[in-house]
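So that the names make sense, note that chain A is the first sequence line, chain B the second, and so on, each numbered from 1.
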2 protein chains.
Amino acid sequence: MTATKPYHHGELRPALVAAANAIIRESGIEKLSMRRLADQVGVSRTAPYHHFKDKNALLCAIAEMGFEEQNQMTREILDDPEDNNNEAVFARWVRAYIRFAHENPETYDLMFGREIWKGGTPTPSLQAISKTSFRLWVDLVAKMQQRGVLPGSHSALRTAQASWAALHGMARLLIDGIYVQREDLEEIAETVVDLLTRTTPDSH
Amino acid sequence: MTATKPYHHGELRPALVAAANAIIRESGIEKLSMRRLADQVGVSRTAPYHHFKDKNALLCAIAEMGFEEQNQMTREILDDPEDNNNEAVFARWVRAYIRFAHENPETYDLMFGREIWKGGTPTPSLQAISKTSFRLWVDLVAKMQQRGVLPGSHSALRTAQASWAALHGMARLLIDGIYVQREDLEEIAETVVDLLTRTTPDSH
DNA sequence: AATTGAAACTTGACGCTGTCAAGTTTGGTC
DNA sequence: GACCAAACTTGACAGCGTCAAGTTTCAATT
């Protein structure tokens, strides 16, 4: 084993992302600083700037990973071969979405929060993947409309926007802990699903 | 006019709040610093600390004002004497909520955002007024349930939590500008209202 | 095998931040 | 007129993002 640490780290970029993820997971985004991060990985303060233009760029990279994970999750549900059960798919997705937000609150904040989308400047690639992510959601909504699980009274896009807003609001409720006891969240999610999926009286 | 500025400002606290509000309105929360604020008002860096324990306390005070404004808005709609029109009240409230978020995005962020509720420590008085605010919302939801505008399938509390999540999600959509063109927002709001207010088939 | 150029990394510095400690000025009360 | 508490100031410290200039290393060309 090479005891003397080499000048070149060799795997700095992935190491940085991993360490950054660990920090935000354990201490929150506000505790993540470029200097602390560099320290943790064992390089000098400015070394990270050779792999990320900005702190913003670093945060975007983390958010991007979050979208990748979430998209994969969505695709699994969308492409489930033995998806005979019309009703359950939508509820399953909602549960999965909330679970993701619950298990990765800080990443979720980066993905959808002010830090990047308002304060900072989302990377082109981040914009791209978030767009893809939403498109997947629209697809799923359209499918649910065809099945009569979601009402077809508005376009798939509008319905997707409206229902995603509901989901996002719940995630925020969960993460920020306002207006809600954490134990109640599951029941609230159920309520949201019920409110959204009540098909119109003209079913048949 | 007293040309030589006196040692005691006399109205520092309100002046600070006003200046802080102006700063966040024009430049966003991230541009608000205690030093810049003090500078703007014309006092030394640490003068504000005699009126606010913390930066956090200052932010809480601003958020509190936001809740006061919003609560007054809610009460006006709740207590409207000539409220004959069952349907419209709910939609009106939703529009008002979204308008508030649209016109005071930075204040809205403070009221419900991470900065205070996760990062910082909400003042007791802020907690109190936000609780009041939510209670008003539950009251309105209960009223709407009695009128059959909102479904009574779940308790007023759950329904309020779920529907508020939808509203909050829309506000975030609007403010952060993700997944949505600003012009579409009105139509999306309408969609949300439609989704929530479709009364169940068992109306009578 | 030596040279060269780019990439990875370091140290130093600047201006910004929140806030603590200690000192100064002021207005009101006994 | 003395005194005290409140309002306010200056100085200081540690931390932040990041730019500029220097050093080390690796890999490819000659």
Output all residues satisfying ring pair (Phe, Tyr, Trp, His ring centres under 6.0 Å) with B:F52, sequence neighbours left out; order by chain, then residue number. none
Could you tell me how far apart A:F52 (CZ) and C:dC9 (C1') are, to the nearest whole angstrom? 16 Å
B:T159 and B:Q145 side chains, donor-acceptor separation under 3.5 Å: yes
Under a 4.0 Å N-O cut-off, is there an ion pair linking A:D194 with B:R158? no
To the nearest angstrom, the CG-P distance between A:L37 and D:dC16 comes to 11 Å
Using 30° and 60° as the class limits, which term best fits the ring planes of A:W164 and A:H168: parallel, tilted or perpendicular? parallel
When the axes are fitted on five pairs at both termini, how much does the helix from C:dA1-D:dT30 to C:dC30-D:dG1 curve, in 10° steps? 10°
Short side-chain to backbone donor-acceptor contact, A:D39 and A:R35, under 3.5 Å: no
Below 4.5 Å, heavy atoms only, C-beta onward: do B:S130 and A:I178 meet side chain to side chain? no
Basic-acidic side-chain contact under 4.0 Å: A:E186, A:R95: no
Are B:F112 and B:F67 close enough that their ring centers fall under 6.0 Å? yes
Under 4.0 Å, heavy atom to any atom of DNA chain D: which of residues 12-26 of chain B qualify? B:L12
d(CG, A:D39; C1', D:dG15) in whole Å: 12 Å
Please report the distance, rounded to the nearest Å, between CG in A:L58 and P in D:dC16. 14 Å
Protein within reach of the bases, or only the backbone? For nucleotides 11-18 of chain C, mark each nucleotide 5' to 3' as B, S or -, using heavy atoms under 4.0 Å. BBB---BB
Selection: residues 108-115 of chain B, any non-hydrogen atom under 4.0 Å of DNA chain D: none
Tell me yes or no: between the side chains of A:R75 and A:Q72, is some donor less than 3.5 Å from an acceptor? no
Can you confirm whether the side chains of B:S125 and B:E64 place a donor and an acceptor under 3.5 Å from each other? yes
Taking ring pair (Phe, Tyr, Trp, His ring centres under 6.0 Å) as the test, write out the residues that go with B:W93, two or more places apart. B:Y97, B:W137
Within the pair A:H51 and C:dC9, is there a side-chain N or O less than 4.0 Å away from OP1 or OP2? yes
Taking A:I29's backbone N and O only, do any of them form a donor-acceptor pair with A:E106's side chain (distance below 3.5 Å, no angle check)? yes
Beyond-backbone contact of A:K143 with A:V89, side-chain heavy atoms, under 4.5 angstrom: no
What's the CD-P distance between A:E30 and D:dC16, to the nearest Å? 13 Å
